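When a ligand or atom number is given, it counts from 1 through the structure's own listing order. Computed from heavy atoms alone, side chains included, the values below leave out hydrogens, waters and symmetry copies. Note that this is a predicted model, so its numbers are computed, not measured.
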Amino acid sequence: MSYKEIYTRSLEDPEGFWADAAKDIDWYKPAEKILDDSNIPFYRWFQGGVINTCYNALDRHIENGRGDQAALIFDSPVTGTKKVFSYIELRDTVATFAGALADRGVVKGDRVIVYMPMIPEAVVAMLACARIGAIHSVVFGGFAAKELATRINDAKPKVIVSASCGIEGSRVIEYKPLLDESIDLAVHKPSSTIIYQRPQISASLQDGRDFDWVQAAAAAKPADCVPVAATDPLYILYTSGTTGIPKGVVRDNGGHAVAMKWSMKNVYNIEPGDVFWAASDVGWVVGHSYIVYAPLLHGATTVMFEGKPVGTPDPGAFWRMISEYGIKVLFTAPTAFRAIKREDPNAEYLKKYDMSGFKALFLAGERCDPDTLSWAQETLKVPVIDHWWQTETGWAIAANCLGIESLPIKPGSPTVCVPGYDVRVLDENGNEEAPGEIGRIMIKLPMPPGCLPTLWQNDDRYVESYLSANEGYYLTGDAGRKDEDGYLWIMSRIDDIINVAGHRLSTGGMEEVLSSHPDVAECAVIGAADKLKGELPVGLVVLKAGAGQDHEKLIGELVALVRQKIGPVAAFKKVTVVDRLPKTRSGKILRGTMKKIADGEEYKMPATIDDPAILDEITAALIRIGYAK
Ligand code: COA
Ligand code: AMP
């Protein structure tokens, strides 16, 4: 069937469409209602169904003869380690660790925070939670203790699983002191932690609270899969909102398993047994969906890489991985390709490797600039597919679904709506924009399986953040357009979210941190264009009367404060002191205009600006730190 036929059916008969897809998943009890719409705007998929996600990801494939096939390949150039887990080995390791969690009192519905570097134990911890019906919440390693504490307070985990250290290039980053600090800061205290001791650093363990992973596993009995409701949460993943308080995106078990499995063949054109690599981090949604769940639910082989696209040891790292493991499809963020292109513009390193098994590159996480797209196309000579999605949806909203039909590529567009998604571009009054006109990108409810049913214990914030702009629609937070051929063009965010190296960050959160400095009267953080990372945060601060005059020292303190409160991942390094900020007459800071100035773009003088002369001062201040023209 053509893309058009499949897409049309998915919208005209969503229940029939997803009931068919659900046949590819094993259920203890099939759903009574495929789509429960009895409590609008809260839609629930596969109501009444009973399932276990870990069973579907591991045990089922062993029962079907894939036990000796590689499930997980781990490759760590930073430690010189390589390890392959067959489905049987991974299932046994997961079952034993699930037993260790159960020994610490973890039962169905309990939360477990996973704060881990990119090591197989992170995957094991996630699947072990799924096995016993516990809800995991993975926190990215590049966040600071305070961010971890915020998530501990919200998720209230019974247990936290962590490791002694992560490795960033040549640097060893201790995790345990950060974990200890975050537990001290948090109001909620976990009853225990389980720490994986890596050979690089041994963390000190607190008697009675902290347990050694290896010892805990050695003492544990393997745990069986616990049946859970399809609508029970599988995980919570926190993502940046418009304030410093992150949103706890909830993923259910049933809809997620169905969508993940369906996407592997239809979006990525992967067959069971193929090798699929998502070069991301388990702390992000891409890692959840495409390092852990989707490839395993599909019976494919997944790859975990503890390294960077460049510097570990060279810009040929991705090509080595592809040729060494016979990777068919790679999924990463455009920033990774910009990094490789910058160091090896003529792709000399590629010549050393056999790339014959490589069939497609998928990019997401940020807008893919046409330069990067064409460099990747010319270099790799395979389809390069830009696809658009977000933490909330958990899988692609728009893509060129290679497993259905390969459509013509338009550089700069993530192609068309994925089956199940009814994407509309609306104006401020909720009317649909004509083709080519830019508006707010919305998804007509109900969204397909796999998308968030709500925010963790916060239905009100879910409705207020996503469903209140236009009744019956989900607000993606992105602005863009749809062209005459139905191709989507994602242009920018409509909120204060910025995208730094494919990582989503809130400038509002950074402003909250800057404002907490005693010398800062007010401030603004904008996302300025960056050749490597897409965007980088830039701070503009106004000082309180009587504040110290040593601006260099103050700037150093502000940079350190953001690193300490949010984490190195914020990549916050540029700040400038200004006398005042441009505002509308009603007092709204003109961040959009400042961003245009920073990027050296033409801008219209805002009609409501309080005092136009301020913009010259802002331009001069931005020039001083290397922005604007
Ligand atoms: N633990 C601790 N610190 C971490 C970390 C972790 N798990 N991950 C990143 N950091 C640190 C980095 O060391 C860096 O610190 P620094 O300021 O001291 O140098 C900082 O956080 C920023 O990290 P990052 O944005 O990743 O920058 P980088 O310069 O180290 O690498 C890229 C740049 C482009 C190579 C890298 O971001 C990349 O490969 N990105 C593409 C893949 C990807 O992860 N996409 C995500 C969604 S698909
Ligand atoms: P995250 O939730 O971290 O995955 O970030 C999601 C946001 O990243 C989206 O709302 C977009 O703003 C941006 N994004 C992700 N993929 C793309 C893409 N292919 N093109 C443009 N923007 C993207």
Side-chain angles (χ1 to χ4, degrees), residues 115-118 122 139-144 163 165-175 178 237-241 247 249 278-291 305-312 315 317-318 330-340 342-343 362-369 373 385-399 412-415 441 452 475-480 488-495 497-505 527 530 532-536 559 562-563 566-573:
Y115 184 60
M116 299 280 268
M118 282 287 285
V139 178
F140 177 62
F143 282 121
C165 64
I167 296 154
E168 275 290 296
S170 56
R171 282 179 301 158
V172 175
I173 311 226
E174 283 198 67
Y175 272 42
L178 276 165
L237 177 57
Y238 289 91
T239 189
S240 298
K247 293 169 171 166
V249 168
S280 177
D281 188 289
V282 282
W284 306 114
V285 68
V286 175
H288 280 65
S289 294
Y290 292 105
I291 295 175
F305 175 66
E306 191 185 30
K308 300 251 172 185
V310 294
T312 58
F318 277 21
L330 165 66
F331 173 178
T332 192
T335 187
F337 267 72
R338 288 196 295 269
I340 298 170
R342 192 168 73 166
E343 286 206 7
F362 280 77
L363 298 171
E366 54 171 330
R367 186 168 180 272
C368 181
D369 52 292
L373 185 89
I385 309 298
D386 175 14
H387 62 327
W388 168 62
W389 52 298
Q390 47 185 209
T391 305
E392 288 84 346
T393 63
W395 63 295
I397 311 167
S413 162
T415 324
I441 311 187
L452 81 170
L475 179 74
T476 65
D478 286 311
L488 283 164
W489 298 79
I490 316 300
M491 311 307 287
S492 59
R493 291 287 303 192
I494 56 172
D495 51 20
I497 301 287
I498 59 169
N499 210 306
V500 179
H503 310 323
R504 167 170 161 182
L505 297 162
D530 181 75
L532 175 65
K533 297 197 177 185
E535 279 182 312
L536 274 180
V559 168
V562 175
R563 198 175 170 94
I566 297 179
V569 67
F572 182 81
K573 291 180 179 159

### Task
Check each of Ala279, Gly365, Ala339 against atom 43 (C) of ligand 1 and report the one with the nearest heavy atom.
Ala279
### Query
Near Val569, which atoms of ligand 1 are under 4.0 Å from a heavy atom of that residue?
21 (O)
### Summary
closest protein heavy atom to atom 17 (O) of ligand 1 is Lys573 NZ, 2.7 Å
### Message
If you scan the protein for heavy atoms around atom 36 (C) of ligand 1, do you find one that is closer than 4.0 Å?
### Response
no
### Task
Could you tell me if any non-hydrogen atom of Phe331 lies under 4.0 Å from any atom of ligand 1?
no
### Query
Who's the nearest protein heavy-atom neighbour of atom 20 (C) of ligand 1, and how far?
Pro568 O, 3.3 Å
### Message
Which of the numbered atoms in ligand 1 are under 4.0 angstrom from any heavy atom belonging to Ala501?
### Response
25 (O), 37 (O)
## Note on the structure
atom 5 (O) of ligand 2 has as its nearest protein heavy atom Arg504 CD, 3.5 Å
#### Entry: Close-contact set for ligand 1 against Pro309 heavy atoms, below 4.0 Å
35 (C), 39 (O)
### Task
State whether the shortest distance between N or O atoms of Ser280 and N or O atoms of ligand 1 falls below 3.5 angstrom.
no
### Query
So is there a nitrogen or oxygen of Arg563 less than 3.5 Å from a nitrogen or oxygen in ligand 1?
yes
### Query
Considering only protein heavy atoms, which is closest to atom 14 (C) of ligand 1, and at what distance to one decimal place?
Arg171 NH2, 4.3 Å
### Query
Looking at ligand 1, does any of its N/O atoms fall within less than 3.5 Å of an N/O of Thr335?
no
### Query
Identify the closest protein heavy atom to atom 13 (C) of ligand 2: which residue and atom is it, and at what distance?
Asn499 ND2, 3.6 Å
### Task
Report, in ascending order of atom number, the atoms of ligand 2 lying under 4.0 Å from any heavy atom of Thr391.
1 (P), 2 (O), 3 (O), 4 (O)
## Note on the structure
atom 6 (C) of ligand 1 sits nearest the protein heavy atom Gly142 N, 3.4 Å
### Task
Would you mind listing which atoms of ligand 1 come within a distance below 4.0 Å of any non-hydrogen atom of His503?
25 (O), 26 (O), 44 (O), 46 (C)
### Message
Using a 4.0 Å cut-off to any heavy atom of Arg367, which atoms of ligand 2 qualify?
### Response
20 (N), 21 (C), 22 (N), 23 (C)
### Query
Looking only at non-hydrogen atoms, which of Arg504, Lys308, Glu306 approaches atom 28 (P) of ligand 1 most closely?
Lys308
### Task
Could you name the option among Glu168, Met118, Met116 that has the heavy atom nearest to atom 4 (C) of ligand 1?
Glu168
### Message
If the cut-off is 4.0 Å to any non-hydrogen atom of Tyr175, which atoms of ligand 1 fall inside it?
### Response
1 (N), 7 (N)
### Message
Give me the residue, atom name and distance of the protein heavy atom closest to atom 45 (N) of ligand 1.
### Response
Ala333 CB, 3.7 Å
### Query
Within the structure, does Lys533 bring an N/O atom to less than 3.5 angstrom of an N/O atom in ligand 1?
yes
### Message
Could you tell me, atom by atom, which parts of ligand 2 come under 4.0 Å of a heavy atom of Trp389?
### Response
6 (C), 9 (C), 15 (C), 16 (N)
